[in-house]
Structure formats: C-alpha cells, structure tokens
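Just so you know, these numbers use all the heavy atoms, side chains as well, and skip hydrogens, waters and symmetry mates.
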Amino acid sequence: MGTVSSRLPVFPWDRLEPYKATAAAHADGIVDLSVGTPVDPVPALVQKALTDAADSPGYPTVWGTAALRDALTGWAERRLGATGLAHTNVLPVVGSKELVAWLPTQLGLGAGDRVAYPRLAYPTYEVGARLAGAEPVVYDDPWELDPAGLKLLWLNSPSNPTGRVLSADELRRTVAWAREHGVLLFSDECYIELGWEADPVSVLHPDVCGGSYGGIVSVHSLSKRSNLAGYRAAFLAGDAAVLGELLQIRKHGGMMIPAPVQAATVAALGSDTEHVGEQRERYARRRTALREALEAAGFRIEHSQASLYLWATRDESCWDTVADLAKRGVLVAPGDFYGTAGERFVRVAFTATDERVDAAVRRLAQ
C-alpha cells in the first residue's frame, strides 16, 4: 500500500501547520498569505451559467461539449494570439494540478525517462515525475539540459513561485531546442493573464512557435483569472496528436469535467471579460499595498513581474522569516517548498481580502 507514496516527498504544506497555529493565535486573527487561494466572489455570469445547467442528469464527456471546445479555441485565439486552432487542439482537464501530477503517467513515462522543470518550481512537477517512476531533473536554462532520456520538459511562465516572465526570445529558443531533440514541451501558463510589470507571451503565439503546434502544449486554468479554483476548470491547447492520445487515456479513466462546470467555463471564457478586469484591479491594489509594506519592513522583492505572488527575502533562512511573520499573525510560504534555491525567500500571496491585506500592512509596520 505504501509503495507509490514512498516515492514522494513529504507534503510541504503539512510542515507549515505549527506556524499557521501561531498566526491564528493573533488577537486580530490570521492573515493567510501562504496558499494563494481565491477569496473573491465567483462572477455572477459564471454562477448563473452553472445554475442554469444544474439539471444535468447524464454523464458528461471527457472532451466536453462542442460549445466548450469553441470557447477554449476562441479564447486561445483572442488572448494568446494562437492561430488556426481546431477542436482537436484543445482538451479540458479537471483542474491543472491533476494534469501536472498525472501527465507523465498518462504519457507512459517510467524508469529510465527524465522529466525536467525549473530549479524553482511548483512542487507537483516533481511529484508527477515520481508518480510515474521517472527521474526528475531541475534546470536553470532548459537549452543547457542533457537531452539524453529527456521525454518531458516543463516551462512555467509566469512562474510560481517567483513571478518571473520568460521573454518571447527565451520561449522561442526553448521551443526550437525541444523540437531539435525530440523533447515534448509543456508550458504551464496558468498566470498568463496576471502580468504586472511584463506582458507574458504564450508558447502558442506564432512569434514563438512559428505557427506550428508540433511538440508543444500549453496549460491554462480559470482558478485565478475567474476565481474558479473550487470549480476545477482548466484546459490544454496545442499539439493535436498529443492531446488526442491523452483524450483516449482520459476517456478510459473517466476524467470528466461536470456538465455544469463545462457550462460555467463557456461563460467565463466568453467575450464578456469585465469580470477579469475587475479581479485584476483588486489584485493590483493588494499587490501594491503589500509590496510597499514589505519593502518598508526591510524585504527585497525579486522577479514578481506577474502572477499572484511576491518573491521576498530578508537574506535569512526562509523559516526564520516564516516564524517571525507568524508571530505577527501573518502566514507566508517558505521558499524551500519550491526547491533548495528558495531557502532564503518567502512567497507572499496577495489573494487575501482587502481587509486582511490592510491588516498585514499594519502588522508589517510594527
């Protein structure tokens, strides 16, 4: 029973529980800036679409409705600049974390295969490799990797945790390298609509991929841009051959997005983007307030051009920073959750309510 779980690292968030308890004991309550879960309302048009589709007694399909696939291709063309997308170029998934964790297994990877991801990265890239029995490999610059045995290359721009944005030149060079060496490239672009000091570019943009989707797939989520983390609504776009293979596997596995969530996704990705702009404005205000407060308290912010996080350091152990802030009732994520290169940083999410962000600003000034 423990054979598979023994391949995996300790679940990182369990290590944060004692500090969470300390922060929760603050007289004015905890300000949780650690996980980065959305707290603002689900947009009204999305809620309406969900409830209108509530009477859905039949099984949904793994590929989704034609309306959903129209919404996915339409959004990718409008927002990412992708051209010529057909329904075969998109695939809905049950939240992006599920996809990341099980992708190497669904691709048939195993012992002797290698999966590469950034040195500072979302922990589930490593978890996915280990679940499949493949070898996880970290990189600083992907084109410096040894391609021998490398079957899957993850990009992440904007980055979680650092908020770093890869330039079109960096993406173009990586796509070319992956194609030259026959390495499948997946680009996690879940924060692409949350650029602050940079304008993130997708690998699907013709300036990057040359108008061909061969060997590349991008990953997108509605969790952050539309506050739909609780809906588990995400999708892939790119190489039709890769997505067709995944579709067949996922059909056997019954990996279906519930029909009401499919309808809600259609509404969220439609031409009415007012809710996306409103949410961006909320996050922009919170980001500015927290950044100014952190810098005034002696922190240095690195990268953080995009995403929902500030990558902050006081040039000390991340756990010392976590402990100090927890005493003030503020909980942040230690940087070493994302790799040893983050051991002197913390990740500060600006997804808390305005009232809680204001509380954090006051406490940082003390």
Side-chain angles (χ1 to χ4, degrees), residues 8-23 26 30-37 116-127 136-142 144-145 154-166 170 188 191 194 196-198 286-352 357 360-361 363-366:
L8 307 180
V10 174
F11 187 63
W13 296 99
D14 290 344
R15 296 166 57 200
L16 201 57
E17 285 301 315
Y19 301 92
K20 185 175 183 178
T22 298
H26 191 279
I30 188 173
V31 178
D32 192 343
L33 308 179
S34 61
V35 176
T37 188
Y117 52 88
R119 188 172 301 279
L120 279 167
Y122 184 46
T124 313
Y125 303 134
E126 177 187 357
V127 167
V137 179
V138 299
Y139 65 79
D140 294 307
D141 295 310
E144 294 180 354
L145 284 163
W154 279 106
L155 297 182
N156 180 208
S157 176
S159 163
N160 175 15
T162 68
R164 181 188 172 200
V165 174
L166 297 176
E170 290 173 301
D188 183 346
Y191 297 91
L194 294 164
W196 310 109
E197 298 166 6
R286 296 165 187 168
R287 178 181 184 272
T288 297
L290 282 170
R291 180 167 194 149
E292 291 176 352
L294 286 164
E295 290 177 336
F299 284 86
R300 184 176 73 256
I301 308 297
E302 293 193 0
H303 301 302
S304 306
Q305 299 103 330
S307 80
L308 291 178
Y309 314 107
L310 295 168
W311 189 237
T313 182
R314 288 192 307 202
D315 294 311
E316 64 184 4
S317 164
C318 60
W319 289 100
D320 289 344
T321 306
V322 168
D324 177 62
L325 292 178
K327 292 174 184 175
R328 306 189 208 188
V330 178
L331 188 67
V332 298
D336 68 1
F337 277 12
Y338 309 95
T340 56
E343 60 189 8
R344 297 178 73 81
F345 286 80
V346 293
R347 194 195 73 171
V348 183
F350 42 89
T351 54
V357 168
V361 169
R363 296 175 196 182
L364 286 165
Q366 294 172 355

Discussion item. We want to know whether E302 and T162 form a side-chain donor-acceptor pair, criterion being a heavy-atom distance below 3.5 angstrom.
Written reply: no
Worksheet item: When rounded to the nearest 0.5 angstrom, what is the spacing between CZ in F299 and CG in L290?
Response: 11.0 Å
Practice prompt. Would you please indicate if the ring centroids of Y338 and F345 are separated by under 6.0 Å?
Written response: no
Practice prompt. State, to 0.1 Å, how close R164 and E170 come at their nearest heavy-atom pair, and which atoms those are.
Written response: NH2-OE2, 2.8 Å
Discussion item. Is the terminal nitrogen or CZ of R347 (NZ for Lys, CZ for Arg) located under 6.0 angstrom from the six-membered ring centre of Y309 and within 45° of that ring's axis?
Written reply: yes
Worksheet, complete the sentence: The reported gap from OG in S317 to CG in D336 (rounded to nearest 0.5 angstrom) is 7.5 Å
Discussion item. Could you measure the distance from the CG atom of D188 to the CG atom of L155? Nearest 0.5 Å is fine.
Written reply: 9.5 Å
Discussion item. Can you tell me how far apart OG1 (T351) and CG (D32) are? Round to the nearest 0.5 Å.
Written reply: 8.0 Å
Worksheet, complete the sentence: Taking every heavy atom of A297 against every heavy atom of L364, the minimum-distance pair comes out as CB-O, 3.7 Å
Worksheet item: Do side-chain atoms of D320 reach the backbone of V322 as a donor and acceptor pair under 3.5 angstrom?
Response: no
Worksheet item: Is the backbone of V357 close enough, under 3.5 Å, to the side chain of R286 for a donor and an acceptor to pair up by distance?
Response: no
Worksheet item: Looking only at heavy atoms, which two atoms of L33 and A352 are closest? And how far apart?
Response: CD2-CB, 3.7 Å
Worksheet entry | Residue pair S307 / W196: nearest heavy atoms and the distance that separates them | O-NE1, 2.7 Å
Worksheet entry | E126 and Y117, any side-chain heavy atoms less than 4.5 Å apart | yes
Worksheet item: Taking all non-hydrogen atoms of both residues, which atom of P161 and which atom of A121 are closest, and how far apart?
Response: CD-N, 4.0 Å
Discussion item. Let me confirm one number: the NE2-CG distance from H303 to L120, rounded to the nearest 0.5 Å.
Written reply: 7.5 Å
Discussion item. Quick check: do W13 and V35 have side-chain heavy atoms less than 4.5 Å from each other?
Written reply: yes
Worksheet item: Can you check whether R15 reaches F337 side chain to side chain, under 4.5 Å on heavy atoms?
Response: yes
Practice prompt. Answer yes or no: is there a side-chain heavy-atom contact under 4.5 Å between D315 and R300?
Written response: yes
Worksheet item: Counting N and O atoms only, with roles assigned by atom type, does the side chain of S304 sit under 3.5 Å from a partner on the main chain of W311, one being a donor and the other an acceptor?
Response: yes
Worksheet entry | Nearest heavy atoms of R314 and T321, plus distance in Å | NH2-CA, 4.0 Å
Fill in: Reported CG-to-CH2 distance for the pair D324 and W319, which is rounded to 0.5 angstrom
14.5 Å
